[in-house]
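What you see is a predicted model; the values in this text were computed from it and never measured.
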Amino acid sequence: MSSSRLQYIFPTIAIVIGLLLLLYAIVPHGIGLSEDSISYLAAANSLHDVGAMRDIDGSVFVAWTPLYPLTIAALQFLPFKIENTLVALNLLVFMLTVISSWLLIVKAMEKMFFRVVCLLFIVCSFTIMQVYAIALSEAVFLLLINLIALVLTSNERHATRNFFLLALLCGFTLLQRYIGIFVIPVVLIFVVRNKTLPPLASRGWDLNITRQRRAMAGLLFLFLALVPLSIWLMRNYLLTETLTGFRADSSEHFAKNIVVLAETITSWMLPVKIPLIIRVIALTGIFVLLRKNLRESNRIHLLVFVVYVLMLVVAYFLFSFEEPRDRLLAPTFISFSIMLFSGMEYFIRHSSFVIRNSCMVVLCCWLLYPVVRIIKHVQLWHQEGIDVYNKPHWSNSETIAWLKEKENVPYGSIFSNDPSAIYYFTGKNAVRVPKSIYSFGQFNQSVTQEDLLVWWNGRELYDVEVISAKYSLEEKARLDDGTVFRINPKP
């Protein structure tokens, strides 16, 4: 079979495998829905209904960027349930991501064996499958990063077109997630490192002639890429006097998050049961192998990986937010995989016959690890649902049924330790109880007479007695999965 046909057959097989895994996981209980997913849906719903983006508590939507909720709002015009439409969107984006990943792999590796193994490693990974099984902005975010890498490593004969396409893609990336700002230094470093910049005009203007023209091109790129996000941030400041909403300061968990980051990245290669120090040594070995194999097509992947991780570390130093586990690190997974297998290919290609064949046998056996891991998770998702709010038990929730009764919530606000569940299943706005007993200042100003406190079992941020010490709680209903109180400020 000719190599040209193989270029189409292998990505097609990988797409089919990935789609079957996703459908097997999603179909029984629907697409995964996290707290972030519910906030995106709330912003899209309010934009569709009242023309303004609002969060689940009715506040101005500023904590996330606008592109994903705008996409959801546009999809709501289709005559299908939005959750089903989001499944179709994720499957389509998954196929495009696999195709773009294959194109990047072909640029980075010479041997068909390593190309195929790398693609299957990506498709069968827990990190990637989790992203496309949940309604999150990361799905499109991964595709945009792939497209930027493709443009940066494409033929320079279309320099002007690539210049504006790159600015457009970077602008979309910044509007998809705030951390998308990392693509700006990636692009600039890659361009400077390779000493090329596309011309501003296709006729007679070569930017390699003078530094001044190169600087002009860089400034124009920054302007085009940053304008969309700048408009959104100006809107946020005018409405809330903050750029991205309230962000808690970094805490004593900074060191712990760095360890979690290392654990997550190294778990892509070796099981977590293996000591972390051994996994870190193995990761270091991969970068040593890459040292002599950093061709142009691999430099972009190294930059994506390093700059993204460094930006996460800086973010954790400044702010406190969720731990850097698979979903948050997924944007680097494809680049990491390409570097990993590219390094293996270089090592094996320059080894003796015995070492080369032994390593390939070990590599085939090692692939059982990600395959077994994803099969385990897909089976679990098939049985129990993928994320929090598509679990089967919600359909039998007595607390949800109680809140749906109009006479039970005639007026007042609803506070809860899980407001996303209340918004999604009842359509009522709900406010999160502070995560720390030291954060009651703003909460005190919000609570009024006759407000409700819905306290879900098993999701305590702290014991409800902490709140009862500050507020008068009158129990209205004790249900199977939660308790409803009437909350009043103590005199």
Side-chain angles (χ1 to χ4, degrees), residues 7 11 14-15 93-110 114-115 118-119 121-123 125 127-128 131-132 137-159 161-177 179-198 218 221-222 224-225 265 268 286-287 290 293-312 329-343 345:
Q7 298 289 343
I15 288 172
V93 174
F94 173 79
M95 290 189 289
L96 295 175
T97 303
V98 172
I99 293 171
S100 58
S101 297
W102 175 253
L103 296 176
L104 291 170
I105 290 170
V106 169
K107 289 174 179 286
M109 289 167 240
E110 297 177 1
F114 289 97
R115 292 175 177 178
C118 181
L119 187 64
F121 179 76
I122 292 172
V123 169
S125 69
T127 305
I128 295 297
V131 165
Y132 289 94
S137 60
E138 279 91 341
V140 177
F141 192 67
L142 265 66
L143 175 61
L144 289 171
I145 294 173
N146 272 7
L147 295 178
I148 290 171
L150 283 172
V151 173
L152 285 172
T153 56
S154 64
N155 195 318
E156 294 183 5
R157 288 181 300 177
H158 306 289
R161 182 197 65 186
N162 290 348
F163 176 81
F164 291 104
L165 181 59
L166 195 61
L168 178 66
L169 290 172
C170 288
F172 281 146
T173 305
L174 269 61
L175 288 179
Q176 188 72 6
R177 292 185 62 81
I179 201 168
I181 193 71
F182 91 96
V183 299
I184 300 298
V186 166
V187 171
L188 293 179
I189 292 172
F190 186 85
V191 167
V192 171
R193 182 71 176 80
N194 291 277
K195 300 179 180 179
T196 57
L197 268 176
F221 164 75
L222 288 175
L224 295 175
I265 293 175
W268 296 342
I286 295 299
F287 282 99
L290 280 170
N293 191 38
L294 285 179
R295 296 178 300 180
E296 180 177 309
S297 57
N298 278 330
R299 289 173 188 155
I300 183 62
H301 303 301
L302 181 64
L303 282 171
V304 167
F305 180 79
V306 171
V307 175
Y308 185 90
V309 170
L310 288 177
M311 191 160 289
L312 268 186
L329 286 167
T332 67
F333 185 84
I334 295 174
S335 290
F336 175 88
S337 302
I338 294 174
M339 289 192 300
L340 175 68
F341 286 93
S342 179
E345 181 192 38

With rounding to the nearest 0.5 Å, note down the distance linking [atom1] in [X] to [atom2] in [Y].
X	Y	atom1	atom2	answer
Leu104	Thr153	CG	OG1	6.0 Å
Arg299	Ile189	CZ	CD1	13.5 Å
Leu152	Leu147	CG	CG	11.0 Å
Ser100	Met95	OG	CE	12.0 Å
Lys107	Ser154	NZ	OG	6.5 Å
Ile105	Ile338	CD1	CD1	5.0 Å

Within a strict 4.5 Å, meaning less than it, do heavy atoms of the [X] and [Y] side chains meet?
X	Y	answer
Ile145	Phe182	yes
Leu142	Ile128	yes
Ile179	Phe141	yes
Leu329	Tyr308	yes

What residues form a ring-ring contact (aromatic ring centres under 6.0 Å, His included) with [X], not counting sequence neighbours?
X	result
Phe305	Phe287, Phe336
Phe333	Phe121, Trp268
Phe94	Tyr132

Work out which heavy atom in [X] is nearest to a heavy atom in [Y]; give both atom names and the distance.
X	Y	answer
Ile184	Ala225	CD1-CB, 3.9 Å
Ala139	Thr97	O-OG1, 4.4 Å
Met109	Cys118	CE-SG, 3.7 Å
Gln176	Val140	NE2-CB, 3.5 Å

Among all residues two or more places apart in sequence or in another chain, which pass the side chain to side chain contact (heavy atoms under 4.5 Å, CB included) test with [X]?
X	value
Val183	Ile148, Cys170, Thr173, Leu174
Leu165	Val151, Leu169
Ser335	His301, Val304

*Do Phe341 and Phe114 have their ring centres less than 6.0 Å from each other?*
no
*Who passes side-chain hydrogen bond (donor to acceptor under 3.5 Å, both in side chains) against Ser101, sequence neighbours left out?*
Asn146
*asked:* Suppose we screen for side-chain hydrogen bond (donor to acceptor under 3.5 Å, both in side chains). Which residues come up paired with Ser137, at least two apart in sequence or across chains?
replied: Tyr40, Arg177
